[in-house]
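Okay, structure first, notes after.
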There are 2 protein chains.
Amino acid sequence: MKQGHMHVTEDCRAVGELLGRIADKWSILVVQRLGTGPMRFNELRHGVGGISQKMLTTTLRSLERDGFVTRTQFPTIPPRVDYELTDLGRELLGPVNTLGEWARKNLLRIDTARAAFDAKCGRACDEDERKYPSEEP
Amino acid sequence: MKQGHMHVTEDCRAVGELLGRIADKWSILVVQRLGTGPMRFNELRHGVGGISQKMLTTTLRSLERDGFVTRTQFPTIPPRVDYELTDLGRELLGPVNTLGEWARKNLLRIDTARAAFDAKCGRACDEDERKYPSEEP
DNA sequence: CAGCATCCTCCAGGATACTG
DNA sequence: CAGTATCCTGGAGGATGCTG
């Protein structure tokens, strides 16, 4: 029964599931950041930038759960916790970096495309909004 | 003032922004799917699987806006709309496929890791829940 | 320092119904 | 067929305060 097609359709679910977890903004940035080497919580927090404490905790837990990072807690005062990529994490780093690099390289093209699209749409759709000044209420 | 460091910290925002858009489950799956060639709306819908009509529309709009896909509408009855990757989209396809392939290849390892983690956590945390049968209320 | 707990907001995203 | 429009809900995620 159409093996090839089955294969594609079927593990779209699974892959989608997985992507839902690793392919989010924060996970990617965190993994990328950890690529440099082990890091402490706040170090990571500032390195990533813009991430809340809660989200970082959540993201790290999730990554730990999926076997991408290890959490090492030192029983010192004040406490110190290091996060580090596992082997699996380091392997993931490849694809992630590829995507990250690509993103950085093409930021401009995308911004340009978006501006063009918005300009086009703005004229077409907002014709009845012309009367309103272009500012937020 | 520490150029290298600045660079990293600073465009984390920008890259994060961008990743927030392209690095979501659906975008990746859709782009991946369009890698095969132009496709119609429902074709894509079924190809991806599990995506709602609304989400597909939204995702496609977003991808179009960012210059990854083109939307071609045929003025026929019933209407027919083709979506196709742009050059930018095809370039994105590389990194995306890399990530997708990686995901597919490593599903098992991740599931294993997760199971292990859950087992460990389950015993540690849910000790006081032992009395309750393991089922949903 | 590295969190967990709590509260609260907001919007992603599903379900449903209608249209050109 | 390929949408748009509307309603509605869960949960993502910020802010704040407390702890070991």
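Here is how names work: the chains are called A, B, and so on, in the same order as the sequence lines, proteins then strands, and each is numbered from 1. Just so you know, these numbers come straight off a predicted model, no measurement behind them.
Straight-line distance from the CD1 atom of A:I51 to the P atom of C:dG3: 12 Å, rounded to whole Å. Atoms CD1 (A:I77) and P (C:dG3) sit 15 Å apart, rounded to a whole Å. Distance CG (A:L56) to P (C:dC1): 14 Å, rounded to an integer number of Å. For the pair A:D24 CG and C:dG13 P, the interatomic distance rounds to 12 Å; values are reported in whole Å. Distance, A:Q53 CD to C:dT6 C1': 13 Å, rounded to whole Å. Taking atom CZ of A:R80 as the reference point, atom P of C:dG3 lies 12 Å away to the nearest angstrom. Atom CG in B:L29 sits roughly 13 Å away from atom P in C:dG13 (whole-Å rounding).
In terms of phosphate contacts, A:Y83 brings a side-chain nitrogen or oxygen within less than 4.0 Å of OP1 or OP2 of C:dG3. Close to C:dA2, at under 4.0 Å from its OP1 or OP2, lies a side-chain N or O of A:R40.
The residue among A:P78 and A:M55 whose nearest nucleotide of DNA chain D is located toward the 5' end is A:M55. Annotation: of the two residues near DNA chain C, A:D82 and A:K54, the 5′-most nearest-nucleotide partner is A:D82.
Of all nucleotides in DNA chain D having an atom under 4.0 Å from a heavy atom of chain A, the first and last in 5' to 3' order are D:dG13 to D:dG20.
Contact check on B:R80 versus B:E43 returns no salt bridge, with no Lys/Arg side-chain nitrogen under 4.0 Å from an Asp/Glu carboxylate oxygen. Under the 4.0 Å criterion applied to side-chain N and carboxylate O atoms, A:D118 and A:K120 are not assigned as salt-bridge partners.
Minimum atom distance to the side chain of A:T57 is reached by C:dC4, of the listed C:dA2, C:dT6, C:dC4.
Nearest heavy-atom pair across A:V69 and A:T86 is C-CG2, 3.7 Å. Nearest heavy-atom pair, A:I22 versus A:S27, reported as atom, atom and distance to 0.1 Å: O-CB, 3.5 Å. Across all their heavy atoms, A:R45 and A:I51 have their closest contact at NH1-O, 2.7 Å.
Residues B:L56 and B:L60 meet the side-chain proximity criterion, which asks for heavy atoms closer than 4.5 Å.
At the heavy-atom level, B:R61 lies under 4.0 Å from the strands shown only through sugar-phosphate atoms.
To the nearest 0.5 Å, atoms NZ (B:K105) and CD1 (B:I110) are separated by 13.0 Å.
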